[in-house]
Structures are given as structure tokens and as C-alpha cells.
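To start, the structure itself, in C-alpha cells.
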Protein chains: 2
Amino acid sequence: MLDPVTRVRRFNRAVTRAVGALDTSFLGRGRPLGAARVLNAIGHGRSEVGEVRDYLGLDSGLMSRLLRSLEDEGLIETSAHGDDARRRVAKLTRAGKREFSAYEALSNSQAEDFLARNTQREALLAAMDLIASALGRDATDLREMDPRGDEARYCLGEYYAELARRFKQGFDVKLSRDPDAADMVRPRGSFVVAMSDGLPIGCVGLKGSGSEIAEIKRLWVAPSARGLGLGRRLMDAAEAAARELGIAVLRLDTNSALPEAGQLYRRTGWTEIPRFNDDPYPDLFFEKRL
Amino acid sequence: MLDPVTRVRRFNRAVTRAVGALDTSFLGRGRPLGAARVLNAIGHGRSEVGEVRDYLGLDSGLMSRLLRSLEDEGLIETSAHGDDARRRVAKLTRAGKREFSAYEALSNSQAEDFLARNTQREALLAAMDLIASALGRDATDLREMDPRGDEARYCLGEYYAELARRFKQGFDVKLSRDPDAADMVRPRGSFVVAMSDGLPIGCVGLKGSGSEIAEIKRLWVAPSARGLGLGRRLMDAAEAAARELGIAVLRLDTNSALPEAGQLYRRTGWTEIPRFNDDPYPDLFFEKRL
DNA sequence: GATAATATCTGACTAAAGTCAGATATCATG
DNA sequence: CATGATATCTGACTTTAGTCAGATATTATC
């Protein structure tokens with residue numbers, strides 16, 4: 001009665017019904033679901049036709065016709081892509097934006113209703129984050145980004161907040177050796193953010209020094225995405241970037257209050273070395289030769 | 001970036017994609033999705049045509065045609081309902097059972113794959129239970145059942161296990177005044193189980209004594225369904241049953257190690273009274289006049 | 001600059017889903 | 001037992017989704 005497979009299937013059924021309700025609510029605007037989906041994909045910033053087609057898994061003929069029908073309604077305009085005139089980009093017209101925000105309002109109010117109906121808000125949200133991350137794991141992509149960008153700064157903020165929670169003495173960025181952003185940008189270093197459906201859920205920095213030695217910094221994985229192997233993927237990405245930059249030795253410092261991190265390093269070929277800096281927070285130091 | 005509505009919507013998107021994958025896997029058996037859904041609904045015990053139609057939200061014409069196509073395939077047989085010859089009941093033939101179990105195997109292996117891909121099994125399952133309960137709340141129905149039935153005994157087992165965990169001194173049913181099952185069956189009393197999509201997720205017993213005083217016993221809500229107001233619904237159902245049975249005074253005992261329970265009682269018109277039995281476990285006693 | 005590869009579009013389909021107005025048989029009620 | 005309500009079925013549709021073989025325009029490659 002309570003075996004894991006049954007529980008997963010009960011979840012699937014519950015969610016299938018809910019998704020069906022969401023879909024039907026989208027039909028209230030006098031447009032087939034397929035067209036509504038394309039409109040929304042474009043509204044959410046997927047401007048290239050091929051990108052939308054892949055995302056929605058549509059046949060190219062069908063995609064083309066759906067685009068035409070939205071164009072006939074006056075909701076979108078298409079034009080050739082600047083770099084490659086075979087590709088087309090679509091954008092919402094003024095009327096399209098209005099229609100898109102009507103769909104947004106529908107989705108939002110449905111989400112709000114769901115939240116309002118339930119008292120366990122935080123527990124529910126945490127559960128949803130976890131499941132969305134687990135389901136979207138294959139869709140999580142690692143992107144090299146500027147550490148000063150919004151996504152990176154969001155991750156770093158969460159990272160600092162977590163350190164402050166987990167270190168007995170708290171954590172103050174200013175006391176730590178905050179890597180200069182320029183050291184985490186090519187050609188000296190790199191910064192990688194894990195994006196899951198538009199939400200940043202992890203990051204790692206590679207802090208170069210111009211020499212053949214570089215440091216791994218700021219490895220963070222959102223609580224909702226832990227246990228899914230994302231830390232390892234991020235570390236692999238950082239190592240790959242280091243190899244591209246001709247770096248021979250990687251170092252990192254960490255703290256024994258973060259046991260998961262130490263475990264990950266030990267399992268992936270890192271060896272403990274003596275302290276190599278005077279940062280007050282770390283008490284464990286690792287090295288890996290590439 | 002992290003407002004609750006965005007998080008709910010991210011979950012919705014992740015899940016919509018996953019549900020789509022589940023649906024397409026059902027197409028591998030050479031049958032349109034609609035027919036597959038009807039076959040599975042019947043396989044899961046929804047035998048009456050109208051019941052299946054409501055559950056799947058189908059038009060009666062469409063439903064009828066889907067039934068005919070399954071009949072032509074030799075997968076189901078229909079006959080008139082014993083009590084009302086207008087209604088029809090469908091059941092699987094031998095071939096239908098084979099086909100149904102092929103779909104079951106597909107669903108099971110998909111659920112197993114999902115579990116195998118993830119390391120955080122227990123956390124994921126708990127999150128899924130919570131969400132399934134929250135989504136299925138409107139679909140949770142309270143049914144009066146025999147306390148000796150499978151569902152009731154499952155609930156009671158979980159209830160005892162939880163008491164054992166939460167009482168410092170543990171919990172042994174035999175030391176407690178285990179209500180005789182006959183006292184929780186009409187006409188003396190009642191036993192109500194909350195069923196969510198086939199899974200028992202809560203229960204409550206009304207233990208009558210033949211007099212105008214009865215006791216509430218065994219109020220339990222599955223951890224995955226807490227915070228959704230189910231405890232209150234169960235209590236309301238028990239009270240309603242008590243009124244039907246002509247009971248004037250309800251009593252119950254509980255323990256201060258279960259603060260949620262005490263809070264619920266105080267909020268719903270119960271008043272604390274002196275100890276009225278010598279059961280070793282409870283230390284709080286309540287009464288409510290109907 | 002010919003050839004292959006790529007991105008999109010068009011035309012001509014088929015299949016599936018959904019709608020709606022009756023038809024038919026049965027049941028409930030006075 | 002006539003009347004209205006109910007459950008299902010049939011026929012005649014429309015709409016939506018999906019498929020596939022080319023057509024067209026552009027870009028990449030030798």
C-alpha cells in the first residue's frame with residue numbers, strides 16, 4: 001500500500017489532473033492549446049522559431065502553421081534572424097503582449113489560489129522546488145556567466161546566507177578573501193551557473209591568477225536541488241574550463257562545517273593539503289592536479 | 001526571482017513536461033490515448049460507465065464510442081447494471097486484463113526509473129506525498145468503514161507507530177484501552193477513513209457505549225496530509241455521525257505530547273475536563289456537548 | 001561556385017478529439 | 001400507467017493535432 005512505486009504513481013495521477021485543469025483554463029481565450037503554448041513560449045523570451053519548436057516538441061509543419069495563425073490574429077510578427085537569414089525570430093506585437101499577459105494572469109491566479117488554499121505554504125513550496133529540480137535535472141544546463149550578472153549574484157547571495165547559517169561564528173564576506181570578479185572571467189578564470197528552467201540553482205567559480213595554479217570558489221547548490229548530482233556536474237564544468245585555460249593545478253579551501261562538500265572533493269580525486277592562505281573561515285584545504 | 005507564485009509555476013512547467021512524457025509512453029501500444037485512459041480507468045476498478053465518464057471528463061458520445069472500440073478489440077465486455085438497467089457496467093476480458101497489466105508495467109517502470117535516477121528517495125517521496133495530498137484535497141473523501149478493514153487497520157497501525165515515536169515512554173496498544181471494534185460500528189459508533197485517490201490518509205473513530213455519551217478515538221492524519229485541514233474535516237464527520245446516532249456528549253482523551261491535536265480541539269468548541277478514565281497514556285481530557 | 005546541409009514553409013493528407021441533436025430503453029413518481 | 005427524468009447510444013458533424021513529401025531560400029564547405 002505504501003511502496004515507493006505506488007506513491008510515485010499517486011503523485012503522477014494527482015498532478016495529471018491538476019495539469020489538465022490548467023490546460024483547460026487556457027482554452028477560455030478562444031484559441032487552441034497549441035497556439036496558446038506557442039504564444040506563451042514566445043512571450044517567455046523564446047524568440048527563435050527553432051527554439052520554440054524544440055521546446056514544445058512540434059513538427060516543423062505544425063509549428064509553421066501555428067505561427068501563421070498567431071500572425072493572422074495580429075499577435076506576433078516574424079522577421080529574419082540577423083546572423084542567419086534562414087532562421088526566423090518571432091516577437092509579440094502590442095496586442096500579443098496584452099494577450100500574453102492575460103495568460104500570465106491566469107497562470108498566476110491559479111498558482112495563488114493553490115497557495116491560498118493551503119496553510120503549509122513553505123513546506124509545499126520546498127516540496128515543489130525539490131520535485132521540479134528532480135524532474136528538470138536533465139533540463140538543467142550549466143552556463144558560463146559573468147559573476148556580476150543577476151543570476152550569479154543571486155547564487156552568491158544565497159551562498160553567503162547559507163555560510164552565515166552554518167558557521168558557528170557566522171560569516172562576513174568582507175573578512176573572507178572575496179575573489180575579484182575579474183579573476184573569474186575569461187581569460188583568467190570562469191564562473192558557471194546552473195540554470196533550471198530559468199531559475200539559477202547552483203554555481204561555481206574558477207578563480208585564475210594568471211599562473212598555472214587556479215582556485216575553485218563559491219561552489220553552491222540550492223537546497224532544493226541537492227542529492228541530484230549537481231555539485232559534481234558543476235565541479236566537472238569548472239575543471240573543464242580550467243583545462244581549456246591551460247591550468248595545471250587546482251586548489252580550494254573549505255570548512256569542516258560543510259561535510260557534504262568535503263565528501264564530494266575526496267570522492268572526485270582531490271587530496272588534502274596544508275593551509276595555503278590566511279582566510280579566517282576555511283579549515284580544510286584541497287588540491288587536484290589536472 | 002523566488003516569489004512563491006514563480007516557484008509554483010516552475011513546478012507546473014516541470015510537471016507538465018513530465019506528464020507529457022508519461023502520456024506518450026502510453027501511445028506505444030497502438031491505441032489512442034483516450035481509449036487507453038478508459039481501459040485503465042476500468043482496470044483500476046471504475047466499472048460503471050458513468051463513473052468513468054465523470055472521472056475522465058468525457059462527453060457521453062465520445063465515451064460511448066471509446067467503449068465500443070475497446071469492445072471491438074475484445075478488451076472489455078459491458079452489461080446492464082443489476083439494480084438499474086439504464087446504467088451499464090464494463091469489465092475487462094482476459095485479453096483486457098493482459099493489456100491492462102501491460103499499461104501497469106509501463107507506469108511502474110516509469111516510476112521506478114524516476115526513483116532510480118534520484119538519490120534522495122525518501123525526501124522525494126515525502127515531497128510527492130505532500131503535493132499529491134494538497135492537490136487531491138478536494139478529491140479526498142471521507143468514508144465510513146469497518147475498523148477491521150484493511151484501510152482502517154493500516155491507519156491504526158500508522159497511528160500506533162506515531163504514538164510510539166512521540167511518547168517518551170513509547171506506546172503499547174495493549175496497555176491502552178483499545179476500543180472494541182464493535183463499539184465503532186453502527187449502531188453504537190462509527191469509524192471514518194479519509195481516502196485520497198485510493199490511499200488512506202487519515203481516520204477517526206467514534207466509540208459509542210449505548211448511552212448518550214460517546215468517545216472520539218484514534219484521530220490520525222498522515223504526515224503527508226497535515227496542514228490541509230483534514231483533521232478538522234474528520235472531526236466534523238465524527239460529530240455528524242454522533243448527532244445521527246443521538247449522542248449528546250462527546251469526550252476524548254489526548255496527550256500534551258501531541259500539541260496540534262490539543263490546539264484543534266480547543267479551536268473547535270471542546271472544553272478541558274478532569275480525567276475520566278485510568279488509561280496510562282493520556283494526560284488531557286476534553287468534552288463537547290452537541 | 002557547385003554541392004551539401006539547414007531552417008522554414010506549403011500542400012495534401014490522416015487520426016484523434018470533441019460537439020450536438022436526437023433516438024432508445026429504463027426508472028421514479030404521482 | 002402516463003409523464004418526466006436519467007443513462008447510454010447513434011449519426012453527422014467540426015476542430016485540433018499530427019505526418020510527410022517536397023519547395024524555397026539561405027548558409028557552410030570543399
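Protein chains get the first letters and strands the later ones, always in sequence-line order, with residue 1 at the start of each. It should be emphasised that the depicted structure is a prediction, and the values quoted were computed from it without experimental measurement.
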Provide, to the nearest angstrom, the distance between the CG atom belonging to A:Asp54 and the C1' atom belonging to C:dA7.
11 Å

Rounding to a whole Å, what distance do you find between A:Arg29:CZ and D:dT16:P?
16 Å

A:Ser101 side-chain N/O to A:Glu104 backbone N/O, donor-acceptor pair under 3.5 Å:
no

Within the distance-only criterion (no hydrogens, no angle test), does the side chain of B:Ser69 pair as donor or acceptor with the backbone N or O of B:Leu66 below 3.5 angstrom?
yes

For DNA chain C, which residues of residues 66-79 of chain A approach it to below 4.0 angstrom with any heavy atom?
A:Leu67, A:Arg68

Can you tabulate the close N/O pairs, meaning under 3.5 Å, that link protein atoms to atoms of nucleotides 18-22 of chain D?
unit_1 : atom_1 : unit_2  : atom_2 : d
D:dT19 : O4     : A:Arg65 : NH2    : 3.3

Considering all heavy atoms, the nearest B:Gly202-B:Leu234 contact:
C-CD1, 4.0 Å

Among residues at least two apart in sequence or on other chains, which ones pass side-chain contact (heavy atoms from CB on, under 4.5 Å) with B:Arg188?
B:Asp183

Please check this pair: side chain of B:Ser133 against backbone of B:Asp129, looking for a donor-acceptor N/O pair closer than 3.5 Å.
yes

Side chain to side chain donor-acceptor pair (under 3.5 Å) filter on A:Arg86, not counting sequence neighbours, yields A:Asp84

Using heavy-atom distances to pick each residue's nearest nucleotide on DNA chain D, tell me which of B:Glu48 and A:Arg31 is more 5'.
B:Glu48

Considering only nitrogen or oxygen atoms on both sides, find all protein atoms under 3.5 Å from nucleotides 27-30 of chain D and state each distance.
unit_1 : atom_1 : unit_2  : atom_2 : d
D:dT27 : OP1    : A:Ala85 : N      : 3.0
D:dT27 : O4'    : A:Arg86 : NE     : 3.4

Nearest non-hydrogen partners of B:Arg7 and A:Ala126, listed with the distance:
NH2-N, 4.0 Å

What's the CZ-P distance between B:Arg53 and C:dT19, to the nearest Å?
14 Å

Which pairs with one or both residues in residues 58-69 of chain A pass salt bridge (charged side-chain N to carboxylate O under 4.0 Å, His left out), sequence neighbours excluded?
A:Arg68-A:Glu71

Indicate whether OP1 or OP2 belonging to C:dT6 is found under 4.0 Å from a side-chain N or O atom of A:Arg87.
no

Can you check salt bridge (Lys or Arg N to Asp or Glu O under 4.0 Å) on A:Arg29 and A:Glu99, steps first, answer last?
CA-CA 9 Å; A:Arg29 303 199 63 74; A:Glu99 199 55 27; 2.6 Å; yes

Looking at every non-hydrogen atom in both residues, tell me the closest pair between A:Thr93 and A:Gly74 and how far apart they are.
OG1-O, 2.7 Å

A:Arg186, CZ atom: more than 12 neighbouring heavy atoms under 6.0 Å
yes

To the nearest Å, give me how far apart CG (A:Leu56) and P (C:dT8) are.
13 Å

